[in-house]
**Student:** 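I'd like to ask some things about the structure below.
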4 protein chains.
Amino acid sequence: MTTVSIGIAGASGYAGQELIRLAARHPQIEVTTAMASGANDAEKTLPALSHIWDGAITPLSIDRLAADTQAVFMTLPVAVAAEGGPALVARGVRVFDLAGTFRLRDRALRQRWYPATPDLDTPAVYGLTEYYRQELADARLIACPGCYPTAALLALRPLVDAQLLDGDIIVDAKSGISGAGKKPTERTHFSECHGNVAAYGVLTHRHGAEIEQEIGQAVTFTPHLVPLDRGLLATIYARVRPDVDDAVIASTFAEAYANEPFVRIRRDALPEIKHVTHTNFCDVGWKVDTASRRLVLVSCLDNLVKGAAGLALQNLKVAFGWPETTGLS
Amino acid sequence: MTTVSIGIAGASGYAGQELIRLAARHPQIEVTTAMASGANDAEKTLPALSHIWDGAITPLSIDRLAADTQAVFMTLPVAVAAEGGPALVARGVRVFDLAGTFRLRDRALRQRWYPATPDLDTPAVYGLTEYYRQELADARLIACPGCYPTAALLALRPLVDAQLLDGDIIVDAKSGISGAGKKPTERTHFSECHGNVAAYGVLTHRHGAEIEQEIGQAVTFTPHLVPLDRGLLATIYARVRPDVDDAVIASTFAEAYANEPFVRIRRDALPEIKHVTHTNFCDVGWKVDTASRRLVLVSCLDNLVKGAAGLALQNLKVAFGWPETTGLS
Amino acid sequence: MTTVSIGIAGASGYAGQELIRLAARHPQIEVTTAMASGANDAEKTLPALSHIWDGAITPLSIDRLAADTQAVFMTLPVAVAAEGGPALVARGVRVFDLAGTFRLRDRALRQRWYPATPDLDTPAVYGLTEYYRQELADARLIACPGCYPTAALLALRPLVDAQLLDGDIIVDAKSGISGAGKKPTERTHFSECHGNVAAYGVLTHRHGAEIEQEIGQAVTFTPHLVPLDRGLLATIYARVRPDVDDAVIASTFAEAYANEPFVRIRRDALPEIKHVTHTNFCDVGWKVDTASRRLVLVSCLDNLVKGAAGLALQNLKVAFGWPETTGLS
Amino acid sequence: MTTVSIGIAGASGYAGQELIRLAARHPQIEVTTAMASGANDAEKTLPALSHIWDGAITPLSIDRLAADTQAVFMTLPVAVAAEGGPALVARGVRVFDLAGTFRLRDRALRQRWYPATPDLDTPAVYGLTEYYRQELADARLIACPGCYPTAALLALRPLVDAQLLDGDIIVDAKSGISGAGKKPTERTHFSECHGNVAAYGVLTHRHGAEIEQEIGQAVTFTPHLVPLDRGLLATIYARVRPDVDDAVIASTFAEAYANEPFVRIRRDALPEIKHVTHTNFCDVGWKVDTASRRLVLVSCLDNLVKGAAGLALQNLKVAFGWPETTGLS
């Protein structure tokens, strides 16, 4: 059985730690290198992972990643990723970026939402696995989607593709605090989050542009921080076209995801965050009122797994032609 | 200084306890009677309130309430309130109902959403204080609004009244678990709520009808339970009419609430639940994008105070002609 | 590869669900039967486990368990387990009981702490794997330890066995709410637990007797409920004998657990609950002050894994002569 | 009615905000000055307090405090308080320090636990109100106790004073995260605290020395962080002397606190954090086993009120000869 030597650039963040945890379960992946997100960052121990990872986390070095690895997961600051990603690709390393730098195809949009990104010549594949498998097979640079877009798109794409929707789309999302990153800030202080719910980035969050790119339509997107660690629930509002009823929606979803191992369509009860945490599943459910044509979709995932590390690993397995479920189910 | 003897029917629930707590701070209110929500309920001690309330909670008796009190706060099952409320009014007691029974004016709607309610002849005033002060002065039966409608309406009413809005209105609300009541259920078990977010009553929650009644327009309303004890945040989506910009909205809110002691308009930062818990404030903020005419309103309150006990007390003070802020600021 | 057909009696509780989750990962275990904890219990679906377990949970039937399984995990009410366990053993099924019925060897103590238990002739092995491997190999009835005793004993046993301790032992334990079971009660209501810490069973919790049985010494044991879902931390106070210093303790632990896959001795930093949740590890650390001979031990585990389902599975693997770590690391 | 002009030095921390909140309710207190904890700190707005405090928080200036105020509450870094406190006293301002600088009377101990403190000539009164009322009347510099010592001492002092205890005393305390301060750190990050319990400062926390000073005996003190915002519960282990039973303990507590407005002795059920949050109460309960002479005390308070701001205000009222309960009950 061939193994692939993997580097993680940005290993001390929450997504990085989850990558170490998940990669350890896969027999063909060997994490040879785990680096911090900066060239001067001190090494850290990870007590929760001591049974899996006994190596140290070393300062970031693109050169060493290029020398030691065949594939790299990157969760780096945008400007660092914008340079490091193409440099690694140029030296034959396949790069799975988790941080947003390469997601927007339109240059003007990219400059608006990721101003630190230089113009990029390296073509990137948008790594929403369920919709880009063919492109992933040959991809060298994979832009893994954001956690919010993953939840929103897995719910919206089948209905948009089948032209069942009409009018405005609103995505109201609630995320656990790990989605705000590991850096201690006033926003992530326990006492500020506990007992609190707060909207942020209202009408200005860059994940909105990412959702719009993939469904080709304007979207109103509002993320909220809710007091839990991991997990994300998106409530999505739309109108269905006349004559679209519950059965049509059900069959559309059933067809779209019949062979997808990590999308579960819920008919009995609406998805809840607890059903998906610590798994790579995205659960999707809905309620529709045919009289008023109002549709409410609910989509859930673990922001650190299907919204980050699990999705990235799924992409790696597609890229290397391996079965997708090994180590993830 | 005159005092009013008050009864609380349903005193062992969360809203009931908050009523005891708040009423104790008001010099003109004497809680003479605190009853359980059933005629056979055992008495309970309330250790958190032992410094305020050393009486026992007695079984429910409408007769005793009629004999001993001038005004009653009711948080009772709908069928019990539907009988008890009018009975108390008939015997000269002013009734402030917190449980929904009397909120919907339309008989067909009431039968749909509160089927246990018999037809009612007793006219009720909808107790959204800020909009019904005049009617409250003479009211005998006050239907205090639900926690979700209070948050939604205080944000929507000024803009609807000024005809600034256009098209669909969506209310996506997130509530702490105390909003689900004190009865232990699978839904309120700590381990089910912790780390979880769940939508419920999607397209079928009766608070939707209540919001629609008060703004005269269809609304899509989705409540969610989030893992915190008390507090509620509503994110409201609408479109503004052409030429309505941030300044128009700001001046509309400023005018509507210039003299309101318990509505705070936030211009600097969007409201968060932590800013309002344990207070009678409803905080309202917004973001508008004039190009796309998209408006996002955020409204917050403590579901047990401004969404229940505080609001009811505010109504009592209006009904008795007292200053509204005593004991509540 | 031989497989063993397994039944779970009490599958809808938290430990039962964790058993399903963990058993699914083991190639030699086939869960053929999952039953509720009562003969009249309705069946339930388990949405979080839908990808693992698509069977229904059927009403409890000892006969069917005897017919269909080679080994049974029981999390049943004491009186039910006291009958069902020996009955299954008599019909050739190996029984791993998680509920306490069979833990206390002394008959008088058993009658005091588990009064529903009839006198039992079936000999049980106390399933603290690390200390009873030899007995487990042939055991037919295994009394899996409680979550609190597991944490306390894994920290205390090496020091007690080496006679390093002196004087009183105090175990102050903090547990997540899942330890209080799945039944909705006032005690487990989210709003009662959130923002709360409460001691319970002070000087009267039966896990105290269990700890005392295994170390042969009186212990003061106080459990507390803390507002988290899963995980347990025990802070243990003792005095060391003269001349016992940090190095002696370290070498004693190192020797005791050198080959144990699921006990991690922490020298760098004290254990925390987050390091062990969703794993089968028990982490143990300590601080000692040689001048005053005061010792503080800290021991952590996930009450649903190493404190229940994981421990039970570890015992099963020992009992069947399989490697202990498969599917658990 | 005379009013006193108050300054708060360190107003943006959690204790500082609570001081603003509580002081606003007292008719004789006027907060004229609220300062940050450093001379270069930017001003902040406090949205949760906007209805109470519309002034800005200005950079720290001892000179301005001396000019503008009659009394100052200080929650400043030790070194800053060590200079600023005596300087204010020298200029006629009464100082209530909340940060620890002045608590330890023994010079050697103070140098060990508060090394940044220079030798101090200014005599300080230890502000455990219930035991130092007489000294507080004339005090110029009041060292308000720490939150942990307040909980431990209010439970221990009556029994120690009556000589009912024997042998070792262990204080195992569980505190909400606000006790760790407002500064964002890895330790206070929501995702690190949520679902976690961690012991810290084991055998080395300076509050241990403070407890020992006040009861004249060695104490083993272990604090833990638990995932809630505010509130603290101390479980205290001791042995009673022979012939000390439940009745003796009860009468000792009853006598000690008969006239204390803010200590509640719980006989029915043990105290829990939820009974005291947002109040100035310290609740104390116990269980004793006379056969083994083992005693477990449980003591609860809100670390920001009775453990900080409320206690400091209580001291101010004693110092100025006012009734203690105004604005605090």
**Student:** Non-hydrogen atoms of chain C under 4.5 Å away: do they reach the side chain of D:Lys287, the backbone, both or neither?
**Tutor:**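 Answer is both: backbone and side chain atoms of D:Lys287 are under 4.5 Å from chain C.
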**Student:** Using 0.5 Å steps for rounding, measure from the CZ atom of D:Phe221 to the OG1 atom of D:Thr204.
**Tutor:**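 These two atoms lie 10.0 Å from each other.
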**Student:** Write out, in numerical order, the residues from residues 235-254 of chain C with a heavy atom short of 4.5 Å from a heavy atom in chain D.
**Tutor:**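 Within residues 235-254 of chain C, the residues that come under 4.5 Å of chain D (heavy atoms only) are C:Thr235, C:Tyr237, C:Arg239.
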**Student:** After noting the C-alpha distance and the side-chain angles of D:Tyr200 and D:His205, does the key distance pass the ring-ring contact (aromatic ring centres under 6.0 Å, His included) rule?
**Tutor:** CA-CA 8 Å; D:Tyr200 69 101; D:His205 193 286; 5.7 Å; yes
**Student:** Once ring pair (Phe, Tyr, Trp, His ring centres under 6.0 Å) is applied, do any residues pair with C:His275, and if so which ones, sequence neighbours excluded?
**Tutor:**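 If we apply the ring pair (Phe, Tyr, Trp, His ring centres under 6.0 Å) test to C:His275, skipping adjacent residues, there are no hits.
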**Student:** For residues 188-211 of chain D, pull every pair meeting salt bridge (charged side-chain N to carboxylate O under 4.0 Å, His left out), keeping only residues two or more places apart or in separate chains.
**Tutor:**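 Residue pairs passing salt bridge (charged side-chain N to carboxylate O under 4.0 Å, His left out), neighbours aside: D:Arg103-D:Glu210.
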**Student:** Report which part of D:Asp289 has an atom under 4.5 Å of a heavy atom belonging to chain C: side chain, backbone, both, or neither.
**Tutor:**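 Both backbone and side chain.
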**Student:** Can you tell me how far the CG atom of C:Leu203 sits from the OG1 atom of C:Thr222, to the nearest 0.5 Å?
**Tutor:**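 Rounded to the nearest 0.5 Å, the CG-OG1 separation comes out at 6.0 Å.
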**Student:** Could you check which of C:Val298, C:Leu270, C:Val202 has the highest count of heavy-atom pairs closer than 4.5 Å to chain D?
**Tutor:**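 If we count pairs closer than 4.5 Å to chain D, C:Val202 comes out on top.
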**Student:** I need the residue from C:Gly167, C:Ala198, C:Ala218, C:Gly231 with the largest number of non-hydrogen atom pairs under 4.5 Å to chain D.
**Tutor:**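 Greatest number of close heavy-atom pairs with chain D: C:Ala198.
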**Student:** Less than 4.5 Å to any heavy atom of chain D: does that hold for the side chain of C:Asp172, its backbone, both, or neither?
**Tutor:**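 Both parts, heavy atoms under 4.5 Å.
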**Student:** Would you mind checking which part of D:Val197 comes under 4.5 Å of any heavy atom in chain C, side chain (CB onward), backbone (N, CA, C, O), both or neither?
**Tutor:**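 Contact with chain C: backbone and side chain both.
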**Student:** Hey, which of C:Val288, C:Ile273, C:Val296 has the most heavy atom pairs under 4.5 Å with chain D?
**Tutor:**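 Maximum pair count with chain D is reached by C:Ile273.
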**Student:** Would you check if the side chain of C:Ser299 reaches a backbone N or O of C:Ala151 as a donor-acceptor pair within less than 3.5 Å?
**Tutor:**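 The answer is yes, because a donor-acceptor pair under 3.5 Å joins these two groups.
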**Student:** Cut-off 3.5 Å, side chains only: do C:Ser178 and C:Asn303 have a donor facing an acceptor?
**Tutor:**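 The answer is yes; a qualifying pair exists.
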**Student:** With D:Tyr257, which residues qualify under ring pair (Phe, Tyr, Trp, His ring centres under 6.0 Å), at least two apart?
**Tutor:**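 With neighbours one apart ignored, the set is empty.
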**Student:** Whether the C:Ser292 and C:Arg294 side chains hold a donor-acceptor pair (N or O, under 3.5 Å, no angle test) is what I'd like checked.
**Tutor:**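 A pair is found: one side chain offers a donor N or O, the other an acceptor, under 3.5 Å apart.
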**Student:** Apply the test salt bridge (charged side-chain N to carboxylate O under 4.0 Å, His left out) to residues C:Glu272 and D:Arg187: give CA-CA distance (whole Å), side-chain angles for both, the deciding distance (0.1 Å), then the verdict.
**Tutor:** CA-CA 12 Å; C:Glu272 304 182 14; D:Arg187 173 54 81 200; 3.1 Å; yes
**Student:** What residue in C:Ala199, C:Cys300, C:Cys193, C:Gly195 has the most heavy-atom pairs under 4.5 Å with chain D?
**Tutor:**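 Max contact count across the listed options: C:Gly195.
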